There are 2 protein chains.
Amino acid sequence: MKKDDISTEEKIINASIELFSEKGFDSTKTSEIAKNAGVAEGTIFRYFKTKKDILMSIVTKAIQFFSEKFIVLPLNKVLHSEKPEEEILADLLKDRYEMISKNFSIIKVIGTEALTKEKIREKLVEHVAIKTLEIGEEFYQNGIEKGIFRDLPPRTVVRSLFGSIMMLIAEQQFFPDDKKSKDVDKEISTIVEIFMNGIKSRKEQ
Amino acid sequence: MKKDDISTEEKIINASIELFSEKGFDSTKTSEIAKNAGVAEGTIFRYFKTKKDILMSIVTKAIQFFSEKFIVLPLNKVLHSEKPEEEILADLLKDRYEMISKNFSIIKVIGTEALTKEKIREKLVEHVAIKTLEIGEEFYQNGIEKGIFRDLPPRTVVRSLFGSIMMLIAEQQFFPDDKKSKDVDKEISTIVEIFMNGIKSRKEQ
DNA sequence: AATAAAAATGAGTGAGCACTCACTTGGAGG
DNA sequence: CCTCCAAGTGAGTGCTCACTCATTTTTATT
């Protein structure tokens with residue numbers, strides 16, 4: 001009876017991600033995970049020694065996944081492209097946006113847990129944040145040297161861009177009612193526009 | 001023996017904020033709150049019916065506090081100032097930065113809980129987010145009409161600014177090691193600079 | 001100083017829940 | 001068809017922890 005080719009372990013992981021992201025790790029009972037995964041409670045503990053192990057397994061797998069997606073992919077896009085910087089930036093933000101949105105449940109779980117668990121925060125910093133920042137800063141530094149970008153602190157620029165995108169995603173995820181995803185492209189273009197040209201009106205010709 | 005004029009209720013609240021922000025609501029035991037507050041465990045339940053009531057009391061008080069600080073104060077600063085917009089913006093970001101940093105524990109608690117508890121999220125949106133956004137958007141809209149700002153969607157501008165500041169604060173709070181708060185002023189000036197003038201180099205004269 | 005009322009205490013209780021384990025089921029190999 | 005083992009089960013267990021309450025301590029009142 002190999003119904004769906006989705007392993008028991010995966011069923012448990014998927015159910016856990018969904019429940020952890022909805023209700024948080026502590027408020028999720030192992031009995032609920034079992035019910036949602038369609039397995040008996042005892043089965044969970046044949047695959048994971050403790051409930052916390054489920055969380056750590058999710059976090060570890062996800063961080064591996066993201067360190068690829070955030071680092072390998074953008075490297076190619078950014079460093080081997082002949083497009084104007086403005087477009088590279090828009091492309092980059094757009095597919096980061098999509099990646100984060102698509103995996104929002106799992107990111108929410110990691111983010112929530114990182115707030116109170118130093119170990120998870122460290123993993124996140126070591127495997128994702130530092131390298132992402134480095135690439136972003138390098139991209140900006142190159143732009144400065146090519147005379148495309150103004151000489152501003154790369155860290156600040158990258159951090160602000162990231163904050164802008166994250167707030168957009170947060171708004172869409174937590175309050176999806178108003179406009180939905182229809183003008184995401186426009187939103188991202190506007191953000192690029194703000195960062196490239198600023199908000200100050202330039203009356204002088 | 002009125003040692004310090006700090007009431008038992010306040011001692012409990014303060015201990016709770018500290019512990020909730022460090023370890024999260026669920027992982028904090030009432031026995032720990034009691035020890036940290038310097039009272040017996042039973043005393044807690046003379047002031048709060050349940051542990052959850054402590055949390056809700058913190059959240060409610062904090063939201064009241066912030067809806068004042070975020071709305072009344074900026075209204076005066078922003079709408080009755082003769083300074084150039086650039087300076088208003090810098091002032092505004094600076095004291096928002098300070099306010100958030102100073103109250104980071106409590107904001108972290110509310111933020112963490114808001115991620116998984118709809119009721120708290122709703123309160124936050126209703127009493128703080130909506131009005132803050134409105135004021136921000138109005139400020140920007142006025143600027144457009146006065147010809148100071150470019151005609152961009154106010155919501156996007158305000159959201160991005162907020163995201164930039166929040167990421168700065170997050171970095172400082174979670175990784176305070178490197179440079180500490182010494183160049184916060186410079187960071188904020190840079191953010192204002194980015195938003196006002198963009199990052200694109202302008203070679204033409 | 002005596003009395004009453006309010007506040008504080010902390011050992012005890014029971015409910016909830018992560019985890020165990022003796023047992024059942026499914027299916028591969030002979 | 002039987003055997004055997006891995007995979008799965010779920011009632012049961014014990015521990016943790018929020019909450020209670022009978023008792024003690026503090027404060028206010030006369």
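Order of the sequence lines fixes the chain letters, A, B, ..., with proteins taken first and strands second; residue numbering starts at 1 for each chain. Since this is a predicted model, take the numbers as computed values, not measurements.
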Starting from [atom2] on [N], measure out to [atom1] on [X] and report it in whole angstrom.
X	N	atom1	atom2	result
B:Glu41	D:dT16	CD	C1'	12 Å
B:Ile44	D:dC17	CD1	C1'	12 Å
B:Lys51	D:dT16	NZ	P	15 Å
A:Phe25	C:dC17	CZ	C1'	12 Å
A:Glu9	D:dA6	CD	P	17 Å
B:Ile33	C:dG10	CD1	P	17 Å
B:Lys52	D:dC17	NZ	C1'	17 Å
A:Asp26	D:dC17	CG	P	11 Å

Self-check item: Cation-pi geometry met for B:Lys51 and B:Phe25 (6.0 Å, 45°)
Solution: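 That pair qualifies as a cation-pi contact.
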Quiz item: Is it true that the NZ or CZ of B:Lys108 lies under 6.0 Å from the centre of B:Phe20's six-membered ring and within 45 degrees of the ring axis?
Solution: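 The answer is no, since B:Lys108 fails at least one limit relative to B:Phe20.
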Among [options], which is the nearest nucleotide to the side chain of [X]?
X	options	result
B:Thr8	C:dA8, D:dA18, D:dG8	C:dA8
B:Ala40	C:dA18, C:dA7, C:dG10	C:dG10
B:Phe45	C:dT9, D:dA18, D:dA7	D:dA18
B:Lys29	D:dC17, C:dG10, C:dA18	D:dC17
B:Thr43	C:dA8, C:dA18, D:dT9	C:dA8
B:Tyr47	C:dA8, D:dC19, D:dT9	C:dA8

Quiz prompt | Pair A:Lys200 + B:Glu86: basic N to acidic O under 4.0 Å | solution =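 Salt bridge flag = yes for B:Glu86 with A:Lys200.
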Practice problem: Using a heavy-atom cut-off of under 4.0 Å over every strand shown, decide if B:Thr28 touches base, sugar-phosphate, or nothing. | Solution: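 B:Thr28: backbone/sugar contact only, no base atoms under 4.0 Å.
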Quiz prompt | Heavy-atom donor-acceptor pair, A:Arg121 side chain to A:Ala114 backbone, under 3.5 Å | solution =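 Confirmed, A:Arg121 side chain pairs with A:Ala114 backbone.
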Practice problem: Hey, which sits more toward the 5' end of DNA chain C by its nearest nucleotide, B:Gly42 or A:Gly42? | Solution: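 With A:Gly42 and B:Gly42 compared, the 5'-side residue is B:Gly42.
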Exercise. Considering just the side-chain nitrogens and oxygens of B:Ser31, establish if one lies under 4.0 Å of OP1 or OP2 belonging to D:dC17.
Key: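 It does not, given that no N or O in the side chain of B:Ser31 lies less than 4.0 Å from OP1 or OP2 of D:dC17.
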Quiz item: Does NZ in B:Lys94 sit with more than 12 non-hydrogen atoms of other residues, nucleotides or ligands closer than 6.0 Å?
Solution: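 Check passes, neighbour count above 12.
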